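Reading through the structure tokens given below for one structure.
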Amino acid sequence: MTGLARRIGLGALAIVLLGVIWELYKAVGPAEGVDVAGLQLLPRTTDLAMPHIWDMIARALEPVNSSEGSPPVWTSVLLAGLSSLGTASVGLLIGSIVGFGLALLMQRFRVAESAVLPWLVLSQTVPLIALAPLIVSWGGRVQIGTFEWERWMSVAVIAAYLAFFPVAVGALRGLQSPDEINVELFHAYATGWWATLIHLRLPASVPYLLPALRLGAASAIIGTVVAEVSTGAKGGIGRLIIEYAQSGSSDPAKAYSPIAVAVIMGLAAAAIVALAGATLKRYRRNEVTA
Amino acid sequence: TTDETPEAGGGDGGLTPVTLQLQWFAQAQFSGYYAALDQGYFEDEGLDVEIVEGGVDIVPQTVLADQQADFAIAWVPKALASIEQGAGITDIGQIFQRSGTLQVSFADAGIDTAADLEGKNVGNWGFGNEFELFAGITEAGLDPTTDVTLVQQQFDMAALLAGDIDAAQAMTYNEYAQVLETINPDTGELYQPEDFTVIDWNDEGTAMLQDAIWANAERLESDEEYQETAVAFLKAVIKGFVYARDFPEETAEIVVGAGSQLGSSHQLWQTNEVNKLVWPSPDGIGVINEDAWEQTVSVAKTAKNLEGSTVITTDPPENAYTNEYIELALAELTEEGIDVTGESFEPIEVTLNEGGK
Amino acid sequence: MRSATLRFVLPPVALGLVALVAWELLVILGDIQPYLLPAPTAILTQLGLVLPVLWTSFLATGANALIGLIAGALLAISMALLASRLSFIDELLTPVVAAIAVVPIVALAPVLTTMYGATSETPRRVIVAIVVFVPVFINTLRGLRQVLPVHRDLMRAYAASNWQISRTVTIPGALPYVFTGLNIASSLAVISAIVAEYFGGLQNGLGSRITSAAANSAYPRAWAYVFGAIILGVVFYAATLAIEKAVSRRAA
Amino acid sequence: MSHAIAVQVSDVTKTFPVKKGDGVTALDEVSLTVKAGEFVSLIGPSGCGKSTLLRLIADLDQPTSGAVTVFGKPAHQARLDQDYGIAFQSAGLLPWRTVEANIELPLQLHRVPAATRRARVAELMALVGLSDFAANFPDQLSGGMQQRVAIARSLAESPELLLMDEPFGALDEMTRERMQTELVRICAETGAAVVFVTHSIPEAVFLSDRVVVMSPRPGRIREIVDVALGEKRGETLREEDSFFEGVTRVREALHGAPTETRPDNAVRGVDLR
Amino acid sequence: MSHAIAVQVSDVTKTFPVKKGDGVTALDEVSLTVKAGEFVSLIGPSGCGKSTLLRLIADLDQPTSGAVTVFGKPAHQARLDQDYGIAFQSAGLLPWRTVEANIELPLQLHRVPAATRRARVAELMALVGLSDFAANFPDQLSGGMQQRVAIARSLAESPELLLMDEPFGALDEMTRERMQTELVRICAETGAAVVFVTHSIPEAVFLSDRVVVMSPRPGRIREIVDVALGEKRGETLREEDSFFEGVTRVREALHGAPTETRPDNAVRGVDLR
Ligand SMILES: Nc1ncnc2c1ncn2[C@@H]1O[C@H](COP(=O)(O)OP(=O)(O)OP(=O)(O)O)[C@@H](O)[C@H]1O
Ligand SMILES: Nc1ncnc2c1ncn2[C@@H]1O[C@H](COP(=O)(O)OP(=O)(O)OP(=O)(O)O)[C@@H](O)[C@H]1O
Ligand SMILES: Cc1ncc(C[n+]2csc(CCO)c2C)c(N)n1
Ligand SMILES: [Mg+2]
Ligand SMILES: [Mg+2]
């Protein structure tokens, strides 16, 4: 418990230090930034380029705009953050299922591993802009009974596209992690693939799955935000980032609130995965706490 | 969603569901549509309209061609490009009669015409919004690939204000307002229009048609009900824009209420500027002016972007636009005594607040 | 040797070809219009047309990715060295790195562009560096911590100085981990350099080309540039693998 | 099962393919018979094929030529029928299972009813002296205790044949000697045949009825030393002359040629081939 | 250096702090003297403090009370002066260095000129019979070869004192016996004193002048058995009666009480404390 308090304290200290560095540089750095050999190394220090920390905080406390009943920026971004977190969770869920399924396939069939794995790596270099319209368009065709495809579902699918990768790679490593000796033991017991999966490979993959899920969660959140920007899906943090960016020149401090919330979301997701990890302690007995 | 169910409009409250795909978020650029929704004009016409906002990568005309919307708002050149790629759509109402795109620079930069852009850093959005600029530069005898440095502009105007670019692309109703909502560090007051010079592509002769209402060409051909819906839809929209013309303040508040994150003064400015692009409309609002259409097609075929490609390579098909439905709508509205030309339209004076709040 | 290469190259290439053919057939048989999904053959045709522009954009984006990758990796490795020595730095950096790992590029790019200026390539490189920093830092630190107790004891028995320990034991031992981080970082560098272009800066790279083509419904052209992006990713990935092979002493 | 022959290895050759060249011949025309209830040790220098031979018997690998039968059945069938229990050099426990659950594993995999399972596991834990550690996880046990869990696990289904590959390799001398004594007792109680791989001459001599001495490259049986120190092997056996004599005989068989100072080795070294 | 006493451990106690409770007493008032050129083995059950004692001598850890001197100097000074060579249970080679470079490591760290280094390394590789493997990397060597590299490394600076913690623990019996013979030869050649930790009674007896038998919890010296099987230890020694007698004496000292069947053990077990 004291360890937790210490970590929270250090986290706070880190934030304060970053703030101090920001303000110190803003105070002493030249307005035009620092050029070294024609290469711009350090940023400009004007209020437009680097608003004061306190201006960012003050802006977060003010209403979004002047119309009546306009909520303060911080509630607005926080609500958007929650909405995005929900979408990202769905994305992470889909991504995890797909990623895990691929890992199972690759574990089961050697050929599948060598054939599919390189494409998984390459799939992550395809810019989302090329895929977003496709996903939105094809998603829109899905209509089963009363179920109707909605824009946020496309966002979740895009988030899943980013999230599945670390899960697939981590799960594959995890499923392949049991010692040869244990694999042979199960072979000696004449155990089938399925029972070996349940009793050996799955439990053994937990220590690999947890960091993979953490990476996947971060990817899902980044993917959600990107996809919200891309598709304009309403209610999420990505949409706010763009909307606030539109007043980037006239209201520069406003843009930092959604960034802060995006980071908080990521940390929250990491914490949730860590919590899930805590319930799986028995499968992580070999891990040394660093 | 498509409107597959054969349901008669009007009658006992059985409204025809209609989806409208916008090209950007809720803002007063789309004042007429939001006003029509708010004022119940759509319902009056027997329509249950859902307005779907756009996004960075949402291409409204392909959403429409894909039958995932019943109507879409798109700029004409971008829609022409999609038509060439197989999208079957038709312009049934040219709401904006003029182009709202400007190239803004500081007054002391000496950029008064397209020719002055030579050797300058020129901002543009890409995203298919750049062809008027390229055509203007080409018209001025410059080569856009070598004689200017093109810079990707963000959603704000910081690059212009910081001096990174000499001339920034701006919509009269949006980005131009953004600079006027910013404090001038020299005076401590907001920037004033006198601080800037603007190049207006309408004056340079390379303007292209912008916001138009597009319908699905295939359905327009075969589906009578859809044709009726189109006329009903146009009627409601026109009434919406008439409302926006006559009650700009109320319209701005309607847009803010629709969830715009930008503030009231900004939306009021935008409503007013959009009104200037729509009104007066001597042929009647939404009627496609053949000359303007021809100019748009001609620029689209000749102006090259920095990859050397043009918007389109061949003439658009016959059914790329039609005045058939807008004229039906106008006729009915004129009968109802509605002023659909706005000959006497006078813009209002809008005072912008800092940050558009 | 050759059969091993064949075993590693053949299945993915075969799968790729099958996928391409399936894609082509889907487009033809499904009568899918190019504004939705272009056929591979259409993309190939466009590829031929845009090759010169593709090449210059490839270089521009590649340069940003490379510079950002190098800067981010150097920073990450030196910070990891520092953190492995000073536990205070380590504890301070841990939450910061966790936060950096989840900052969306789309949120950061506009802010950085304003900070550095729209005509500067620096913001894109900074973004690449930030994205690269996380996996390299985490893996390097893990590697630096892997020093076997027996090696630690050995160096103490030799009364070796801190610097000697780093040079002879810690750093060589961490190398494989550094490369694990770099492998991940290499494709991240490319994709983040591309995404960073969406939001400002000179319109000289693959990202600008893709958005511009896509916004004009020129999807075959957009995918031709996407193909360029994939190749760039492959080049980066292969390059880190090659460097790893060259640096680590023996070819497996 | 009351077959008189537990394991029959007939003319078995095992060649591992290698990248370049003809492959490694791990076993070359090896024949061996293990009677029911008999304790046979395999000893020989590293790489002589001991583990390979054991793995062939367990059907974890297949011979290149020759045949292996277990209780008269092909090895493959014997594996599917679970006719043997197996223990490896390292305990190979599942770290996420308690001692109890680890011992239970084979029973659970073979769908033994839960009540039967519980009773059997309790019995086995008592047998290896770990009843107090039922709920401990492997990492909470010393190396010797882990090995005992692995041995209990290999005994779980009361196999008529036990295959053990250097099960005591990782233990210190004292624990090792204690475990050897326990193994002798367990075998006496259950009457199982054992094929036991080891590197330790005293261990082989202490435990076995017969010690199979192997030579490497290619793996062949050099000599089979009959030890048979009698039914009652106790702690004191290790200090008796018959034990030291057995050790010396195996050592000499292992080193191939008689050592100069002991001219009487020709009498002692019994070549059973 | 020509100090007659290589290691002097005086009343050393070592307590490890533990989260809860008083801590673990690994060594309790231990005293031991190792003469120059003498070979002393430490034997005892797991956890009795053998490694701890060795680490205290090497100044890899400090005693809670008591003093350790090496060649008359405090252990710390002796470490800085590089008065000893050390080898651990695992070879602890640097995997990215060749055999040559691994042996060279201590010389390089202590800034021995390159030419001198090369000559010395060549000499050492010949000594451990690895001249042909100079350019090999550790993972291309067998376990025994790796250990020989580690031993060569520990000898690099010709120390008067060698500290070895179960250096042969991981080897199979045959390789182990060969390595023991080599170690005896090397020690004879260099005249170094050796403190040698092992779990193997025959190994301790074969190698040592004296075997220090320890008892655990808290770690104490139970008995010191004088073996001194004479100068010429050859392969044949392992089959001589004096060897078996030494083994039996150490075993009995280790088990604490005389075993019933050997009433003469009181005479044989020499308690030197
Ligand atoms: N999978 C394999 N592929 C290639 N060669 C193998 C394989 N398994 C074993 N060998 C070779 O077969 C020979 C016998 O190996 P085996 O493991 O049976 O020896 P062993 O007697 O058990 O040795 P150790 O005492 O070291 O365990 C060795 O030369 C080894 O290199
Ligand atoms: N760093 C440490 N922290 C706490 N306790 C320790 C530490 N090192 C050793 N001990 C304890 O001190 C005792 C002696 O340990 P040591 O390693 O010296 O035993 P050993 O005789 O070498 O045993 P082994 O034969 O298993 O190597 C053990 O009870 C051990 O648990
Ligand atoms: C993708 C995209 N690119 C540029 C702009 C800039 N912009 C702001 S308003 C407006 C008029 C059309 O809506 C334009 C072009 C944008 N919004 N979206
Ligand atoms: Mg083996
Ligand atoms: Mg020890």
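The analysis underlying the following values was restricted to heavy atoms, covering all of them including side chains, and did not include hydrogens, waters or symmetry mates. Quick caveat: nothing in here was measured; it's all calculated off a predicted structure. Just so it is clear: chains get the letters A, B, ... in the order the sequence lines come, proteins before strands, and each one is counted from 1.
With a 4.5 Å cut-off on non-hydrogen atoms, E:Leu105 touches chain C through its side chain but not through its backbone. Heavy atoms closer than 4.5 Å to chain E are found in both the backbone and the side chain of C:Ala157.
Scanning for ring pair (Phe, Tyr, Trp, His ring centres under 6.0 Å) contacts around C:Phe58 gives C:Trp55, with sequence neighbours left out. In this structure, the side chain to side chain contact (heavy atoms under 4.5 Å, CB included) partners of C:Ala101, at least two apart in sequence or on a different chain, are C:Val134.
Top candidate by heavy-atom pairs under 4.5 Å with chain E, chosen from C:Leu175, C:Asp153, C:Val150, is C:Asp153.
Not a single donor-acceptor pair under 3.5 Å links the side chain of E:His110 to the backbone N or O of C:Ala159. Side-chain atoms of C:Arg156 come within 3.5 Å of backbone N or O of E:Asp59 as a donor-acceptor pair.
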Legend entry - Worked verdict on E:Gln108 versus C:Thr168 for side-chain contact (heavy atoms from CB on, under 4.5 Å): CA-CA 10 Å; E:Gln108 192 183 354; C:Thr168 50; 5.6 Å; no
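Annotation: C:Phe179, atom CZ; neighbour count of heavy atoms from other residues, nucleotides and ligands within 6.0 Å is above 12.
A 4.5 Å side-chain heavy-atom check between E:Arg153 and C:Tyr158 finds at least one atom pair inside the cut-off.
Heavy-atom minimum distance, E:Pro95 versus C:His151: CD-CE1, 4.2 Å. The minimum heavy-atom distance linking E:Phe88 with C:Leu154 is given by the pair CE1-CD1, 3.8 Å.
Of the inter-residue distances, the one linking C:Arg167 atom CZ with E:Leu109 atom CG reads 7.5 Å to the nearest 0.5 angstrom.
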